Amino acid sequence: MIQLSILRNDPKAIIEKLALKNFNASDPVDKILKCDEDRRIVQKTLDDNYAESNKIAKAIGEYYKTGKVQEANQLKETTVSLKENAKNLEEQLKNLEANLNSLLVQLPNPPHSSIKPGKTPEDNEIVYSEGEIPALPETAMPHWDLASKYNIIDFELGNKITGAGFPVYKGKGAKLQRALINFFLDNAIEAGFTEIQPPLMVNEASAYGTGQLPDKDGQMYFAQIDNLYLIPTAEVPVTNIYRDVILKEKDFPIKNVAYSSCFRREAGSYGKDVRGLNRLHQFDKVEIVEIQHPDKSYETLEEMRQYVCGLLRKLELPFRVLKLCGGDMSFTSALTYDMEVYSAAQKRWLEVSSVSNFESYQANRMKLRYKTDDGKINFAHTLNGSALALPRIVASLLENNQTEKGILIPKALVKYTGFDVID
RNA sequence: GGAGAGAUGGCCGAGUGGUCGAAGGCGCACGCCUGGAAAGUGUGUAAUCGUCAAAAGCGGUUCAUGGGUUCGAAUCCCAUUCUCUCCGCCA
């Protein structure tokens, strides 16, 4: 969430930046400033009230000690109105604070100064591309057909056991999944990330901390009986490790990597976008999460981007990097790169990674801070990225590498799969 | 799931109604000591809100969370959450 002090200092700048995300903030910002002002007035009055009460209480204590019971009893009467007043003010303050918070939480993260306006994915800027788009014969199959031809992914079986969007991986398909997970984890560890195995369910505070709540309520599976959410990404539990934590400057950068299954309701998705592996309710992903000093977070973002590109290169997939326009960015991000691979039979680009800098937006929500050497406390910056999400990688591997002899496994993966062709 | 015990600062731990944001220890930081280190020794060491341009200062809040009793609560009462022990169940 946006820091109130920043908003107070320059509300206009925030409104202008949020307009890039096609978010009209002038009305909520007005409300916030008004609410904040009221809050401070009430707070001051209440503080004075408390100060007075404290004084009286101490005086009564003194009287009792010296045996002046009468004086004490007299003083007691003066506290009646103070107490009543305090009760009133407390109520007001509570309401104002709740109100203020709920307003603040509804403001998206203002985008980085380099972000261009835009409304749709077409407005995203292609900042890099690499690799040859393979020329497949007419008879080339999309991955869902290949999956059943080689009996490696069974969508129908998933329907039976659970429902649409929960495929079953079998034989070499299952092994390929495992190989990719290990490949991604090993690469990350080599690059200095610490492996984390997080819980797959989180409580409300965690979902709120990374910004899934309240914005994306309804996109997460929710176990009502225990009040727990199935994670949509490992970002949620891993970043929340640092909720309510005050780091030291020397702790930076914190680099974590986690493999997890991810669960998304994807309410409202339909059509060919969701065919096969393109969009699932449950999928596997290796996620990298970094906590960094504010001065270095954009440096880190570039490193993360390069790191992800390196993975795609090793997998020999044609890919491109998009810098998202304001309108296509997520609620919580300040700058996002999307990595897309080309899936040659579908003839379309598939997003396989999204690398973002959230600056202090998540940190403010979850009170993730650091102490400078001279004792000041600031919010840290949080970043994360997929490295990588499996299903669409599998989709493009299957489609791009299909040959008459079968599906060829990229060299870098063979030591993980133990086979070099799916036939 | 049943019975019991508990939750205090970065950690351990004292504190059963007033002067307690909280003894003591550990840790940490800085200094002294030392050729250097260890040991020893001295000092300091929570967060948050408000006031202020800012700092200092001042005022408020915080001893799991939320309510209550009281002039006054870490301390008493109630609820919730979590942890531990025992029993039950179980990968």
Side-chain angles (χ1 to χ4, degrees), chain A residues 1-11 32-105 197 199-209 223-229 237 240-252 254 261 291 360 363-380:
Chain A
M1 113 183 119
I2 299 175
Q3 293 176 48
L4 185 56
S5 54
I6 293 174
L7 189 65
R8 218 189 275 162
N9 281 340
D10 197 352
I32 287 168
L33 293 176
K34 175 80 175 74
C35 192
D36 177 46
E37 209 185 315
D38 291 347
R39 177 191 126 250
R40 278 143 69 201
I41 291 166
V42 171
Q43 167 119 46
K44 180 87 180 81
T45 318
L46 183 60
D47 283 358
D48 290 347
N49 190 308
Y50 280 146
E52 184 66 19
S53 301
N54 289 344
K55 238 192 250 168
I56 293 171
K58 265 182 196 164
I60 291 173
E62 274 310 306
Y63 279 139
Y64 273 126
K65 219 174 260 176
T66 51
K68 298 177 183 167
V69 179
Q70 249 192 339
E71 284 90 335
N73 284 337
Q74 255 171 20
L75 257 190
K76 273 192 199 176
E77 282 166 30
T78 63
T79 63
V80 176
S81 66
L82 279 174
K83 280 179 95 174
E84 230 161 77
N85 253 334
K87 208 163 207 178
N88 246 318
L89 290 164
E90 276 165 15
E91 178 90 28
Q92 278 182 49
L93 187 64
K94 212 168 158 184
N95 287 338
L96 285 166
E97 272 171 353
N99 206 342
L100 182 62
N101 196 49
S102 75
L103 285 165
L104 271 173
V105 154
Q197 273 202 34
L200 302 182
M201 301 184 97
V202 294
N203 58 28
E204 209 175 319
S206 294
Y208 175 88
Q224 194 165 21
I225 190 164
D226 289 307
N227 232 303
L228 295 173
Y229 295 86
N240 272 283
I241 292 173
Y242 305 95
R243 171 152 51 84
D244 291 319
V245 165
I246 300 179
L247 299 163
K248 295 183 181 138
E249 270 187 280
K250 65 176 183 202
D251 294 333
F252 293 126
I254 288 173
S261 292
I291 318 281
S360 64
N364 187 17
R365 282 187 174 218
M366 66 171 85
K367 303 286 168 268
L368 159 51
R369 294 164 296 174
Y370 69 98
K371 200 177 218 170
T372 62
D373 294 334
D374 54 349
K376 288 220 175 73
I377 287 179
N378 296 318
F379 289 113

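Within every chain, numbering begins at 1; the chains are lettered A, B, ... in the order of the sequence lines, protein sequences first and strands thereafter. In this text the structure is predicted, and so the values were computed from the model without any measurement.
Counting any heavy atom pair closer than 4.0 Å across all strands shown, I377(A) reaches sugar-phosphate atoms only and no base atom.
Checked against side chain to side chain contact (heavy atoms under 4.5 Å, CB included), K68(A) has the following partners two or more places apart in sequence or in another chain: Y63(A), T66(A), E71(A). A search for side chain to side chain contact (heavy atoms under 4.5 Å, CB included) contacts involving T372(A) returns E249(A), Y370(A), D374(A), K376(A), N378(A), not counting sequence neighbours. Judged as a side-chain hydrogen bond (donor to acceptor under 3.5 Å, both in side chains), and not counting sequence neighbours, N99(A) has no contacts.
No donor-acceptor pair closer than 3.5 Å links the side chain of N203(A) to the backbone N or O of L228(A).
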Enumerate all atom pairs, one protein N or O and one N or O from nucleotides 54-61 of chain B, separated by less than 3.5 Å.
unit_1	atom_1	unit_2	atom_2	d
G59(B)	N2	D47(A)	OD2	2.9
G60(B)	OP1	N54(A)	ND2	3.1
G60(B)	O2'	D47(A)	OD1	2.9

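One atom, CD of E77(A), and another, P of C71(B), lie 11 Å apart when rounded to the nearest Å.
The side chain of K87(A) lies closest to G68(B), out of G68(B), G50(B), A46(B). Considering only the side chain of K371(A), A46(B) comes nearest among A46(B), C49(B), C71(B).
In a base pair of the Watson-Crick type (N1 to N3 plus N6-O4 or O6-N4) or a G-U wobble (N1-O2 and O6-N3), with each distance short of 3.5 Å, C86(B) is matched with G2(B).
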Show every donor-acceptor pair shorter than 3.5 Å between a side-chain atom in residues 78-93 of chain A and any protein atom, with sequence neighbours excluded, or say none if there are none.
unit_1	atom_1	unit_2	atom_2	d
T78(A)	OG1	L75(A)	O	2.5
T79(A)	OG1	K76(A)	O	2.6
E90(A)	OE2	Y50(A)	OH	2.4

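Comparing C49(B) with G42(B), their C1' atoms sit 35 Å apart, to the nearest whole Å.
Within residues 94-102 of chain A, the residues approaching RNA chain B are K94(A), by heavy-atom distance under 4.0 Å.
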